[in-house]
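Keep in mind that what you see is a predicted model, and the values were worked out from it rather than measured. Atom set for the values below is all heavy atoms of this structure, side chains included, hydrogens, waters and symmetry mates excluded.
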Amino acid sequence: MGIDAAALAALMDRVRDEVESGLLPSAQVALAQGGELVAFESFGDADDDTRYVVFSATKAFVAGAMWILIGEGSIDPSRPVVDYIPEFATNGKNGVTVEHVMLHTCGFPFAPMRLELGATSEGRTATFAKWRLDWEPGTRFQYHPTAAHWVLAEMIERASGVDFRRFIADRVTEPLGLPTVLGDTGFSAAPLTPVGDPATREELDETLGADYQDLWELTMTMMLALADADAQRIGVPGGGGVMRASDLARYYQALLHDPQGLWVPAVLHDATHHVRHRLPDEISGIPASRTLGLVTAGADGRSHLRGMGRRVSAHAFGHNGAYGQIAWADPHTGGSFAFCTNGLDRHVLREPRRTNALNDLAAACFRP
């Protein structure tokens, strides 16, 4: 094991250039290997104590809590959600299983949840009763930005008898020496800042379609809501985690090594290696390559379309977040990489290009 110094310098130079050119207001980069943080640097209007809203990179921590309960026998992924949350049984949702929810095949991708209702079990279950299915569970994959993880949060509380935010802190992050990342963390995240000019209609027509910019504007409104101070205190389980890049990189080392024995080994291996479905992604059209809570790079040459660049191994796993948050680990090298920023790039093509460039630079840093 080891780190290539020249490759590491190239990675840091790239991030520094992004910030100094004005494309990002601030950023953090962290790499870890062999259970240790080996590089951590902050750029722009940030220092090493700055926290970021990491959006969907939060989902890996909720998954970690679920894996503990699965290993203890408190939750069975094959069982219907209604076995744990009877109030969920309305409007034909009886057939939704825990696995469907964790794989984003449950059929309610945009089911709404008011933040103040999501803060309590009573509010969540009253809202679940109103949700309806958009398709038969298990037949399609469409990414559920927040809805599925409200269900997982309630399931964690029902199975453990502990508030889901407290359970994640007590059973996941604190044993790993990590700070609280969801709910009342004691920290405020760096303010989100829209940056850059939008892609031209011509650029969009050639790639994603002209309507994608309008979708970006709508999504930005949602993301800004997640970064609101009240939302941060509530701790949105699908995307409201607040942390440093170093916390993310260290967490993924735990998923490689499990130094505290938090997870039953077979459950952890399943969650980080076993692809449970390859249904096509609704946006990219490629197989989703989903495990029970994470994404794998895959051996089909499309890892860059799954947010991990082209240089990781087929067994790399992780879960990125909106607007350029990166988090993955690669069992082949034992390395983990995390990148956080508070810049919401208006150019919807530049952000994924940046993500893949940073991933490739990071992967080159690790010697197997």
Side-chain angles (χ1 to χ4, degrees), residues 1-5 7-12 14-15 27-42 48 51-52 54-64 67 168 172-173 175-179 181 241 243-263 265 268-269 271-273 289 291-298 303-304 306-321 324-341 355-368:
M1 294 189 298
I3 296 294
D4 185 300
L8 179 61
L11 170 64
M12 298 303 186
R14 173 61 188 262
V15 178
Q28 284 180 344
V29 175
L31 295 94
Q33 192 180 38
E36 302 290 337
L37 192 67
V38 295
F40 179 39
E41 191 164 345
S42 302
D48 289 353
R51 265 69 174 177
Y52 294 87
V54 300
F55 301 116
S56 286
T58 309
K59 289 178 169 68
F61 292 83
V62 177
W67 303 333
I168 292 170
V172 180
T173 55
L176 297 175
L178 299 174
V181 297
M243 62 195 81
R244 300 166 294 189
S246 58
D247 301 324
L248 268 173
R250 291 172 60 203
Y251 180 63
Y252 275 85
Q253 283 296 299
L255 300 188
L256 288 171
H257 305 293
D258 193 15
Q260 301 301 320
L262 300 187
W263 299 286
L268 181 60
H269 187 271
T272 56
H273 289 75
S289 196
T291 73
L292 205 62
L294 299 173
V295 182
T296 64
S303 57
H304 62 294
R306 300 185 180 103
M308 297 185 199
R310 298 176 184 273
R311 300 188 63 166
V312 296
S313 79
H315 299 294
F317 58 83
H319 206 300
N320 290 350
Q325 323 309 315
I326 303 171
W328 52 257
D330 191 340
H332 177 66
T333 62
S336 57
F337 172 55
F339 174 81
C340 298
T341 182
T355 292
N356 280 316
L358 295 178
N359 281 329
D360 288 346
L361 289 167
C365 294
F366 297 112
R367 295 171 178 162

With sequence neighbours left out, the residues meeting side chain to side chain donor-acceptor pair (under 3.5 Å) with D258 are none
For the residue pair A63 and G293, what are the closest heavy atoms and their distance?
CB-CA, 4.1 Å
Could you give the distance from NE2 (H315) to CG (D330), rounded to the nearest 0.5 Å?
9.0 Å
Return the set of residues passing ring pair (Phe, Tyr, Trp, His ring centres under 6.0 Å) with Y251 (not counting sequence neighbours), or none when no residue passes.
F61
With sequence neighbours left out, write down each residue that passes salt bridge (Lys or Arg N to Asp or Glu O under 4.0 Å) with R14, or none if nothing qualifies.
E18
Heavy-atom closest contact (A27 atom, Y52 atom, distance):
N-OH, 3.4 Å
Contacts of type side-chain contact (heavy atoms from CB on, under 4.5 Å), residue V29, not counting sequence neighbours
L11, M12, V15, L31, F43, F337, F339
If the condition is ring pair (Phe, Tyr, Trp, His ring centres under 6.0 Å), which residues does H269 pass it with, not counting sequence neighbours?
H273
Not counting sequence neighbours, which residues clear ring pair (Phe, Tyr, Trp, His ring centres under 6.0 Å) with F366? List them please.
none
Side-chain touch F317/V312, heavy atoms, less than 4.5 angstrom:
no
With a 3.5 Å distance limit and no angle check, can you tell me whether S42 reaches the backbone of Q28 through a side-chain donor-acceptor pair?
no
Test of understanding: with side-chain contact (heavy atoms from CB on, under 4.5 Å), list the residues that count as partners of N320, not counting sequence neighbours.
I326, T355
To the nearest 0.5 angstrom, please state how far the SG atom of C340 sits from the CD atom of Q325.
5.5 Å
Testing the basics here: between G307 and N359, what is the closest heavy-atom pair and its distance to 0.1 Å?
O-ND2, 2.8 Å
Using the test side-chain contact (heavy atoms from CB on, under 4.5 Å), find all partners of S289 that sit at least two apart in sequence or belong to another chain.
V275, T296, R306
Here's a test for you: under side-chain contact (heavy atoms from CB on, under 4.5 Å), which of L248, T173, T58, V54 qualifies with V181?
T173
Can you name the nearest heavy-atom pair linking A32 to A249, along with the distance?
CB-O, 4.0 Å
Taken in chain and number order and not counting sequence neighbours, the residues that satisfy side chain to side chain donor-acceptor pair (under 3.5 Å) with T272 are none
Assess the residue pair V295 and M308 against the criterion (side-chain contact (heavy atoms from CB on, under 4.5 Å)); give the C-alpha distance rounded to whole Å, side-chain angles, the decisive distance to 0.1 Å, and a yes or no.
CA-CA 10 Å; V295 182; M308 297 185 199; 4.2 Å; yes
Less than 4.5 Å apart, side chain to side chain, heavy atoms only: is that true for R310 and N356?
no
The side chain to side chain donor-acceptor pair (under 3.5 Å) partners of S56 (sequence neighbours excluded) come to K59, Y143
Smallest separation among heavy atoms of W263 and A254, with atom names
CZ3-O, 3.8 Å
Run the side-chain contact (heavy atoms from CB on, under 4.5 Å) test against P179 and tell me which residues pass, sequence neighbours left out.
R51, R244, D247
Taking only residues two or more places apart in sequence or in another chain, which ones pass side chain to side chain donor-acceptor pair (under 3.5 Å) with Q253?
H257, S336
Test item: T291 side-chain N/O and A271 main-chain N/O as donor-acceptor pair under 3.5 Å
yes
Minimum heavy-atom distance A297-S313, with the two atoms named:
CB-O, 3.4 Å
Derivation and outcome, side-chain contact (heavy atoms from CB on, under 4.5 Å), residues R367 and I3
CA-CA 6 Å; R367 295 171 178 162; I3 296 294; over 6 Å; no
